[in-house]
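To start, the structure itself, in C-alpha cells.
All values below come from the heavy atoms of this structure, side chains included, with hydrogens, waters and symmetry mates left out. Nothing fancy with the numbering, it's 1 onward along the sequence.
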Amino acid sequence: MEQNLGKILIIDDNEDILFSAKMLLKKYAQQVLIEKDPRKIPFLLNHDTYDLILLDMNFREDTTSGNEGFYWLKEILTKDPSAVVIMITAFGDVEMAVRALKEGATDFVLKPWQNEKLIATLSAAAKLKTSYKEISTLKKTNSALASQLSQNVNLITGQSPAMQQLLHLMHRVAKTDADVLLLGENGTGKEVIARSLHQQSTRADKVFISVDMGSLTETLFESELFGHKKGAFTDAREDRVGRFEMANGGTLFLDEIGNLSMAMQAKLLTVLQRREVIRVGTGQPIPINVRLICATNMPLQQMVQQGRFRQDLLYRINTIELNLPALRDRLEDLPLLVDHFLKRYAQKYKQPAKSLSTAALERLRRYDWPGNIRELEHVLERASIISENHVLQPQDFFFLQMNQPSFSENVPETHNLDEVERATVVKAMGKYDGNISKAAKELGLSRASLYRRLEKYGL
C-alpha cells in the first residue's frame, strides 16, 4: 500500500499530533504537509492541491464545540468542492460526527487514534478522491467525444423525410435543458443522437455519462446511480460516487430505461422529483443538476397501460420525445451511410476505400435491416475485409438473408429458362453456404460466370 495516499495536508494546533501523524503517514503518502495555524488554509489551497486533508475540529480558541473546525471545513469545500476532508478531534461524539458528515466531511476519526484504523480510513478516502479525479478526467475528454461525434456526423444527417423531421426537432431541442426520451428500434443510433444533443447544448463543456440500465440488477441499482458510503453493505469497501453525481452539471444518458423494475422506477422517480441523491448508507442529500436523456426500444405507453411502467415517471422523462426511424424507413440515406462506413474501414484496415456497384446498392436496398444501422455497419465491415474487389458486388453480401427466396429453395415447376437457371444457382449457393468457388464447380461454371449470374438475378 506504499504511496497510494497521494499528497496529504494535516492541520492541527498540537505540534505533537502533527509530528506523529507525519511520521506515521509519510511512508504511505507521496508527501505529507503539516500546518498548526488554520488561518493559513486559504493560502495553502490557493498555492497547491491535496488528495487528502486531515482537519482538527477544535483549535485553541474553541476547544470543545468543534465550531472552528466546521468553519474551516466550509472554507475548504467552498474553495474546492471535491476536497476530501477527514475531521479529527479528541472530544468527538456521535452527534458531532453526524454533523461533520452532513456538512461535507468524508469521514471522522478520534484522537488518539489507532494507527491501523487511521490508515484504513485514509485509504478509503483516497479511493473516493480517485473517483473525483475520474470525473474531472471525464470532463476533459469532452473534446475527444466531440471529435468522435464529428466522425459520426453522417449518421445523424440525411435527406429522407424521416431524418429531416428528426433533425428539425433535434435542432430546436438541443439548446434547451428539456429532458428527452429517444424511442426507436435497436441499432438506430440512440446513443449517437444523445451525444449530439449534448454537444449542441449549453452543457457541451461538461461531462456526458452513459448508463446501460438494462445491465443493472436490483442490488446494484442504487449504488451505481446514487453512490454509497463505505460499509453501507457487505461489499461496500470504500465510498463510491454515483452516476448522477458524476454527471452533475452535464448530461446523463440512461439507455434501455424500459427494462427497469417497478421498484427501481420508484427510486429513480424520487431522485428526478427532488433533484437530489442520497448515497446508500448516508442521510445527506446531494443536489444534482443534470440534463436527462433516456432511451428505449420498448413501447412505454403500452407498458403504462399494462401496469409495467409508471405513468408519472414517463411524464418526467419525456418532456420531448424523439422517434428515431428504422433504416428501412430512410433508405434514401443508404448511399451516405455506406460511404461513411466504407471510408471508416478503409482507414481502420489501412486499405484503399471501397465503393458499391449499382447492383450491390440495390441489393442492400431490398434488405429489411432488422438490426438497422448497427447491422449495416457490421455487414460493410465484413464485406470490406472479405472481398478482394475494390467495387463491392452483390455477391460480396451473400451472407445477408434477403427477403427473397433463400438459397435452399427448390427448383420451381416452370419451363422458363431464366427462372430455372436462377433457382439452380440459388440451390447451389445454398448447398455450399455461399462459397463461390464450390458453387461454381458444382454448376460447371467459372467464378466470373457465376458472379455474372448472381448479379443478373440480384443474388
Side-chain angles (χ1 to χ4, degrees), residues 1-133 136 229-230 238-239 282 284:
M1 195 175 71
E2 288 196 3
Q3 294 195 350
N4 68 346
L5 299 183
K7 184 183 292 186
I8 300 176
L9 172 63
I10 309 172
I11 307 155
D12 195 304
D13 59 2
N14 187 318
E15 293 186 0
D16 291 336
I17 291 289
L18 290 177
F19 178 76
S20 60
K22 183 172 183 178
M23 293 302 294
L24 171 64
L25 298 177
K26 67 179 183 179
K27 64 179 179 179
Y28 301 108
Q30 295 174 356
Q31 187 177 1
V32 179
L33 292 94
I34 56 176
E35 177 55 56
K36 64 179 183 178
D37 185 354
R39 293 172 297 182
K40 293 185 179 178
I41 288 176
F43 174 82
L44 293 170
L45 295 180
N46 285 335
H47 289 80
D48 210 342
T49 58
Y50 306 92
D51 295 296
L52 302 174
I53 299 175
L54 274 75
L55 175 65
D56 190 18
M57 295 189 68
N58 303 296
F59 294 90
R60 298 193 187 282
E61 294 181 11
D62 181 2
T63 59
T64 58
S65 72
N67 287 333
E68 248 193 306
F70 287 127
Y71 170 80
W72 288 113
L73 171 64
K74 183 178 179 180
E75 289 293 304
I76 291 171
L77 294 178
T78 299
K79 286 188 171 294
D80 181 8
S82 67
V84 174
V85 184
I86 297 94
M87 307 298 289
I88 51 179
T89 181
F91 302 94
D93 58 19
V94 174
E95 289 184 6
M96 191 174 291
V98 171
R99 181 184 168 192
L101 295 176
K102 285 184 176 180
E103 297 197 12
T106 299
D107 215 330
F108 183 97
V109 294
L110 299 178
K111 55 183 180 181
W113 54 70
Q114 296 177 359
N115 290 347
E116 295 79 5
K117 186 173 181 179
L118 178 63
I119 301 283
T121 299
L122 295 182
S123 180
K127 291 179 181 178
L128 179 63
K129 185 65 176 182
T130 299
S131 297
Y132 288 141
K133 288 180 178 179
S136 177
K229 192 74 175 173
K230 184 182 77 168
E238 65 273 333
D239 289 0
T282 75
Q284 179 186 1

To the nearest 0.5 angstrom, please state how far the [atom1] atom of [X] sits from the [atom2] atom of [Y].
| X | Y | atom1 | atom2 | answer |
| --- | --- | --- | --- | --- |
| Asp56 | Lys36 | CG | NZ | 14.0 Å |
| Phe43 | Asp37 | CZ | CG | 12.5 Å |
| Asp13 | Glu68 | CG | CD | 8.0 Å |
| Lys40 | Ile11 | NZ | CD1 | 11.5 Å |
| Lys74 | Lys79 | NZ | NZ | 14.0 Å |
| Asn14 | Phe19 | CG | CZ | 12.5 Å |

Let's go through Ile10 and Leu25 carefully: what are the C-alpha distance in whole Å and the side-chain angles of both, what is the deciding distance for side chain to side chain contact (heavy atoms under 4.5 Å, CB included) to 0.1 Å, and is it a yes or a no?
CA-CA 10 Å; Ile10 309 172; Leu25 298 177; 4.1 Å; yes
Heavy-atom distance under 4.5 Å between the side chains of [X] and [Y], does that happen here?
| X | Y | result |
| --- | --- | --- |
| Met87 | Val85 | yes |
| Asp12 | Leu54 | no |
| Ile86 | Val109 | yes |

Return the minimal non-hydrogen interatomic distance between [X] and [Y], and the atom names on each side.
| X | Y | value |
| --- | --- | --- |
| Ile8 | Ala29 | CD1-CB, 3.7 Å |
| Glu103 | Leu77 | O-CD1, 3.4 Å |
| Val84 | Ala125 | CG1-CB, 3.7 Å |
| Gln284 | Gly104 | NE2-N, 4.0 Å |
| Ile76 | Ala83 | CG2-CB, 3.8 Å |
| Ala126 | Leu5 | CB-CD2, 4.0 Å |

Please say whether more than 12 non-hydrogen atoms of neighbouring residues, nucleotides or ligands are located less than 6.0 Å from NZ in Lys7.
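More than 12 within 6.0 Å, yes.
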Within 6.0 Å of CD in Gln114, more than 12 heavy atoms from elsewhere:
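Count not over threshold, so no.
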Report the C-alpha separation of Leu118 and Ile88 in whole Å, then their side-chain angles, then the decisive distance to 0.1 Å, and conclude whether the side chain to side chain contact (heavy atoms under 4.5 Å, CB included) test is met.
CA-CA 10 Å; Leu118 178 63; Ile88 51 179; 5.5 Å; no
For Leu44, which residues count as a side chain to side chain contact (heavy atoms under 4.5 Å, CB included) partner, sequence neighbours excluded?
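In terms of side chain to side chain contact (heavy atoms under 4.5 Å, CB included), with neighbours along the sequence ignored, Leu44 is linked to Leu9, Glu35, Tyr50.
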Ser123 (side chain) donor-acceptor with Ile119 (main chain) under 3.5 angstrom:
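Checked: no pair found.
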May I have the step-by-step check of side chain to side chain contact (heavy atoms under 4.5 Å, CB included) for Trp72 and Ile53, ending in yes or no?
CA-CA 11 Å; Trp72 288 113; Ile53 299 175; over 6 Å; no
Between Leu52 and Thr106, does the side chain to side chain contact (heavy atoms under 4.5 Å, CB included) criterion hold? Intermediate values first, please.
CA-CA 10 Å; Leu52 302 174; Thr106 299; over 6 Å; no
